[in-house]
Participant: 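The structure follows.
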Amino acid sequence: MIDFAGLPYYEDVSPGSGALPPRAWTSTSDARRLSLNGTWRFRLSPTATTEDESFARPEFDDHGWDELPVPGHWVLQGHGAPAYTNTLYPFPVDPPRVPTENPTGDHRIAFDLPGDWPAAASGGDALLRFEGVESCARVWLNGQELGVFQGSRLPHEFSVGGLLRPEGNVLAVRVHQWSAGSYLEDQDQWWLPGIFRDVTLLHRPEGAVRDFFVHASYDHRDGSGTLRVDSEPGGRVTLPGLGIDIATGETVTLPVEPWSAELPRLYEGELVTEGERIPLRIGFRTVVVEDGVLKVNGRRILFRGVNRHEFHPETGRTVDLSTMRQDLLLMKQHNINAVRNSHYPPHPAFLSLCDELGLWVIDECDLETHGFVDLGWRDNPVDDDRWIPALLDRAERMVERDKNHPSIVLWSLGNECGTGRGLTAMAHWIRGRDTSRPIHYEGDPSCTDTDIYSRMYPEHAEVDLIGRRAEAPLDDPELDAHRRALPFILCEYAHAMGNGPGGLSEYQRLFETHARCQGGFVWEWIDHGIAHPEHGHGYGGDFGEELHDGNFVCDGLLFPDRTPSPGLTEYKKVVEPVRIEGDGPAGTLRITNTHDFADLSHLAFVWSYEIEGLTVADGPLSVPPVAPGESAELKLPEPPATDRAGEALWTVRAVLGQETPWAKAGHEIAWAQLPADTRGQVSRPRTAPAARPQRGPAGSGTLALGPGVFDAASGALTRIGGIPVTGPRLDVWRAPTDNDNGAPWQPDRRYGLIWRELGLHRMRHRLDGVEPTDEALTVRTRVAPAATDLGLRADYRWTADGDRLHLAVSVTPEGAWSCPLPRLGVRLGLPAAYGRAEWYGGGPGEAYPDTRAASRIGLWSSTVDALQTPYVRPQENGARADVRWARLKDEHGSGLRIDGEPAFWFTARRWTTEQLDAAGHTPDLRAGDTVWLNLDHAQHGIGTQSCGPGALPQHHLDAGPAEFSFTFSLAR
């Protein structure tokens, strides 16, 4: 048994000392406040063993110290370096002890009170408030020690009214990077010590609000809301919009409009006590688990969610209000309706924005002990009674701070902590304090302490079983029955690391099929790449860490600069709250409203009739205000008369009819494309009489076939018209994605590693014959890796008519292929001048077999450079799906056109796949003198196996016989 007595305060498992009890947060009131954010003096020591506290004295001379912005992290300001781990503690695990090598930052700021700051003689008090400090802080004001606290992402306040001076106040804070609290904060993120949230001085007049609790429920049966506001001390509550003027503690029921993520109705009001006026924004809503389903305001809700760490590439977890708003606007604009605060409460201003803009929120306690998993959970703090006060303190500080936000619909005990008595104690306390929200926690399969059954990364088949309440039973029948009666969510799924995630559409169909499956939260919102002078954005290992988890920290739907990734575009399409389906040739349309609460009156619908990507006609579509969960059957207009030939498509779009707080009118919410005529074909260039292979001039060693020139000995194509080319030849390799490389615990499906072990990245091409005939030039090859008998027979049959050159490729596998192929197609090179691409097919962004929902057929153009997706760790990217034809042009508009039969996957880049594979960071890629094209018959799916299931079987590219063809002609 460990004796905790005599440990330094930063190794103490208690919550700390001196801080006041937690209370509700409010951003404004009529009481004075003074921000202490700004430039502080700073000194870093390598250990925490110093007993020198002289720096806390007001007269201490700190002019030789460095300057540091607060809020901020000292490791992002040139003092030490950040470090990233996923589960591993970056120090020896010996709870509650931490290393002697414990970077300790001493902070000082001098400040004067404003001239109108109330004098001490006027009564009342003043509070010093810290919104967040990592990981342990000891605080002095004017030489007087105030106390010690842990709990990095939670607020702490100290009473300081009797210590303030009109001028010359000195606040001193000693911050230790490691503490006992660090064992509770192993949350898959950068370790970033410092005072990283606001520091504020608050005047508390006599009679000011000590705490208040807004209880605002909604009864969907009669449309009434019930309001009671408890306050200490008491006062009055007014809501002019409802005509309410009541005493605190009094209950009133009256008709109201409810709050929901889709319709976030807030009533402005005020809480007035003898000493303070506090603005209120009240949303009426009721959250219950009923009939095995999570309901808000009487209706089942479906989470279209994301997990969100607080992150900025320059400032770490110090995130300003404009960046918070930017995040939420992007979420709303991409049909996201829910946020899980992973894995700690966010800055409180973020929750106010969620109230305002409308998002469901899971508020999660600042708790994760994941580093104990590899130790068999030995000495896990959540199952040790001595840690329970610290756990309860974290739960209380979360609930008390955030209890008045209508956006919060679930409290979460924490993340990946195993199981234990501490979690039970937290759940018991929360239920005793707030009965209006169910409790979430994923790490206990028995759901003993929770109202929600929550999982991470289950495969689709298991989600289907869970949805039917037919999952594998627990050993305890009573617990099994309890769990089967609960609603189910995926608190993490679809790991958005690198290229991907794949399989979103199949998950979404399961959520929409089974009432019990109430959606999930993609991991996660943003790549945590830290700005780096050499790499652009750095990940684990780029800052000299002794222990790290590489680029696993780059697993978001946004790139570090907050540019949406293709994964976010795909997610928007998959979760769109309007389903548009129909039969284009028959002219019928079915519009289904999958909103939880809103009808479709806020949307406008438009149609366009397109032939080979060009709009021939368009117009508005009259759609009734379909209620949530309902559908409407409509007729499309008659196809317009036109002489234009080619493939015809209807495109139907749902857009915002009016401007909202999060997007302008016309912002697209949902869309669909329908074939207009099953007989429609892509227009092709005219045909001409077939050409015959001809020998080139004596001694040239060439063959000519139509516009093509070939090496007579190897059969390799060297020119098309006047354009030099390299290839084409069979290609099966792609630079493995993070999902290809997979998770270590699934070795049999880590295809990126299996492909490399097989040697698919170093295939050898053997020439078996060059056979010119009157009709064609046939080149026979075998393509295979060394050290194995696996191979692919690849025959290239070249024909020509007029100025068009045709290639038919036939592929036959040899040997017992036990894994899918990465890709199957041909690769060829063009001179670097051909750097502009046009294509008719899927776009505008990249797509793969299981990430193609957002790819729409159209006529697109781009530079080759802009076709690249800049994943922080380079990998396969940039393919366009369903391409009918593509053109590569130079600055004069001349170039090469490629038609495919069937439609193909098109990729163009200025480096080879091998160079892409070798790069560790995006700046490592250097443009060469060749534009390399991949024209693929097929691609293997992406999946989400970097932390989850791989590509579904229907998206595997199994080795088998294949035939495909391309036509090359000069583009004008």
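Note that the structure is a prediction, hence the values are computed from the model and not measured.
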Participant: Mind checking the CG-CD spacing from Asp917 to Gln915? Nearest 0.5 Å is all I need.
Facilitator: 11.0 Å
Participant: One thing to verify: whether Arg852 and Asp882 come together as a salt bridge, which I'm taking to mean a side-chain N less than 4.0 angstrom from a carboxylate O.
Facilitator: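 A salt bridge is present here (some side-chain N lies under 4.0 Å from a carboxylate O).
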Participant: CZ of Arg644: more than 12 outside heavy atoms within 6.0 angstrom?
Facilitator: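 Atom CZ in Arg644 is not packed in, count stays at 12 or less.
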Participant: Whether the Glu876 and His940 side chains hold a donor-acceptor pair (N or O, under 3.5 Å, no angle test) is what I'd like checked.
Facilitator: no
Participant: Between the side chains of Asn499 and Asp738, does any donor sit under 3.5 Å from an acceptor?
Facilitator: no
Participant: With rounding to the nearest 0.5 Å, note down the distance linking OG in Ser862 to CD in Glu838.
Facilitator: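 Here the interatomic distance stands at 10.5 Å.
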Participant: Quick one: do the His765 and Thr781 side chains pair a donor with an acceptor below 3.5 Å?
Facilitator: no
Participant: Is it true that Glu846 and Thr869 share a donor-acceptor pair across their side chains at a distance under 3.5 Å?
Facilitator: yes
Participant: Atom OG1 in Thr651, atom OH in Tyr609: separation rounded to 0.5 Å?
Facilitator: 11.5 Å
Participant: Side chains of Ser969 and Asp803 only: does a donor on one sit below 3.5 Å from an acceptor on the other?
Facilitator: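 Short answer, no.
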Participant: Do the side-chain N and O atoms of Tyr751 and Gln945 include a donor-acceptor pair separated by under 3.5 angstrom?
Facilitator: no
Participant: Side chains of Arg734 and Gln939 only: does a donor on one sit below 3.5 Å from an acceptor on the other?
Facilitator: yes
Participant: Hydrogens and angles aside, do His806 and Asp801 bring a side-chain donor and acceptor to less than 3.5 Å of each other?
Facilitator: yes
